[in-house]
Amino acid sequence: FAIVGIPLSTKPGNYEIIAGKRKIGFTIKKYVYETQHLTIKNHRKVNPLPEDLQRIARERMEMNSAFRRFTTSIVPDTNFIPPVKGRRSSSFGLRRILNGQPRNPHSGMDIAAPEGTPIIAPANGIVVALGNYFFNGKTILIDHGYGLVTIYCHLENIAVHLDDRLNKGSIIGSVGQTGRVTGPHLHWGVSLNNARIDPGLFLSDE
């Protein structure tokens with residue numbers, strides 16, 4: 001079997017997956033996601049200054065490079081455990097309105113928890129990027145193999161290093177409120193072949 005990531009930007013209609021000589025058809029139906037209005041006190045995190053834009057572009061390139069990875073040294077485990085204990089406060093696909101301005105839909109899952117709550121790796125993987133980014137705050141990206149990459153944002157601290165090999169359940173950091181946030185939480189994202197998809201699809205407790 002194969003798992004294919006379908007981005008939120010894909011239009012409804014009929015599509016095909018080509019596997020060898022086989023063509024497998026499927027249909028994408030229209031779905032309307034809820035809208036979420038948020039107030040960000042730091043207006044610079046909504047409307048960055050000109051001097052912020054170079055940093056944002058550099059960080060986006062770094063993260064996109066990680067999302068485009070396709071390694072075969074790890075066999076992906078698609079039966080994830082939740083990375084943190086807490087209330088799932090914002091679902092994948094929410095239409096975001098920040099300080100009255102429309103922004104891109106929510107590309108991950110937000111899990112609200114107190115600052116300092118441990119965050120664990122949901123599956124085996126390799127740390128492929130980390131840093132303190134303008135929007136995402138302290139962030140870790142983990143490669144789980146075959147185009148499956150996860151991202152963890154707004155951390156209080158990072159407990160791993162670049163190229164670390166992680167076991168399922170390894171502590172990678174703790175919940176914080178760095179970057180563009182309204183309170184302490186983990187933004188957890190899942191990317192499959194560079195398409196951001198719903199993390200809930202991979203959780204063993206869903």
task = Using side chain to side chain contact (heavy atoms under 4.5 Å, CB included) as the criterion, list what pairs up with Arg87, not counting sequence neighbours.
result =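 Per chain and number, Arg87 pairs via side chain to side chain contact (heavy atoms under 4.5 Å, CB included) with Ser89, Ala112.
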
task = State which residues pass side chain to side chain contact (heavy atoms under 4.5 Å, CB included) with Ser91; sequence neighbours excluded, sorted by chain then number.
result =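 Scan of Ser91 (side chain to side chain contact (heavy atoms under 4.5 Å, CB included), adjacent residues dropped) gives none.
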
message = Is it true that, when you exclude Glu51 itself, more than 12 heavy atoms of the residues, nucleotides or ligands shown sit nearer than 6.0 Å to its CD?
response =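 Yes, CD of Glu51 has more than 12 neighbouring heavy atoms, counting only those of other groups under 6.0 Å.
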
ask   = Considering residues, nucleotides and ligands other than Ile171, do more than 12 of their heavy atoms fall under 6.0 Å from its CD1?
value =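 Not buried by this count: 12 neighbours or fewer within 6.0 Å.
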
message = I need the full list of side-chain hydrogen bond (donor to acceptor under 3.5 Å, both in side chains) pairs touching residues 124-140, with sequence neighbours left out, sorted by first then second residue.
response =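 Applying side-chain hydrogen bond (donor to acceptor under 3.5 Å, both in side chains) to every pair that reaches into residues 124-140, excluding sequence neighbours, yields Glu62-Tyr133.
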
ask   = Looking only at side chains, do Arg165 and Asn167 share a donor and an acceptor under 3.5 Å apart?
value =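 No donor-acceptor contact under 3.5 Å links the two side chains.
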
inquiry  = Run the salt bridge (Lys or Arg N to Asp or Glu O under 4.0 Å) test against Lys168 and tell me which residues pass, sequence neighbours left out.
reply    =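 Listed in chain order: Asp77.
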
task = Please name all residues satisfying side-chain hydrogen bond (donor to acceptor under 3.5 Å, both in side chains) with Gln101, sequence neighbours left out, ordered by chain then number.
result =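 Partners of Gln101 by the side-chain hydrogen bond (donor to acceptor under 3.5 Å, both in side chains) criterion, ordered by chain and then number, come out as Arg103.
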
Within residues 29-53 or reaching into it, pairs that qualify as ring-ring contact (aromatic ring centres under 6.0 Å, His included) - sequence neighbours excluded =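 Every pair satisfying ring-ring contact (aromatic ring centres under 6.0 Å, His included) with a residue in residues 29-53: Tyr31-Tyr33.
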
inquiry  = Any heavy-atom pair between the side chains of Tyr152 and Val84 that's under 4.5 Å?
reply    =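 Val84 vs Tyr152: side chains apart.
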
query = Regarding Arg55 and the six-membered ring of Phe134, is the cationic atom NZ or CZ under 6.0 Å from the ring centre and inside 45° of its axis?
reply =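 No, a cation-pi geometry is absent between Arg55 and Phe134.
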
query = Between Trp188 and Ile197, is there a shared hydrophobic cluster once you connect ILVMFWY residues whose side-chain heavy atoms come closer than 4.5 Å?
reply =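 Yes, Trp188 and Ile197 fall within the same hydrophobic cluster.
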
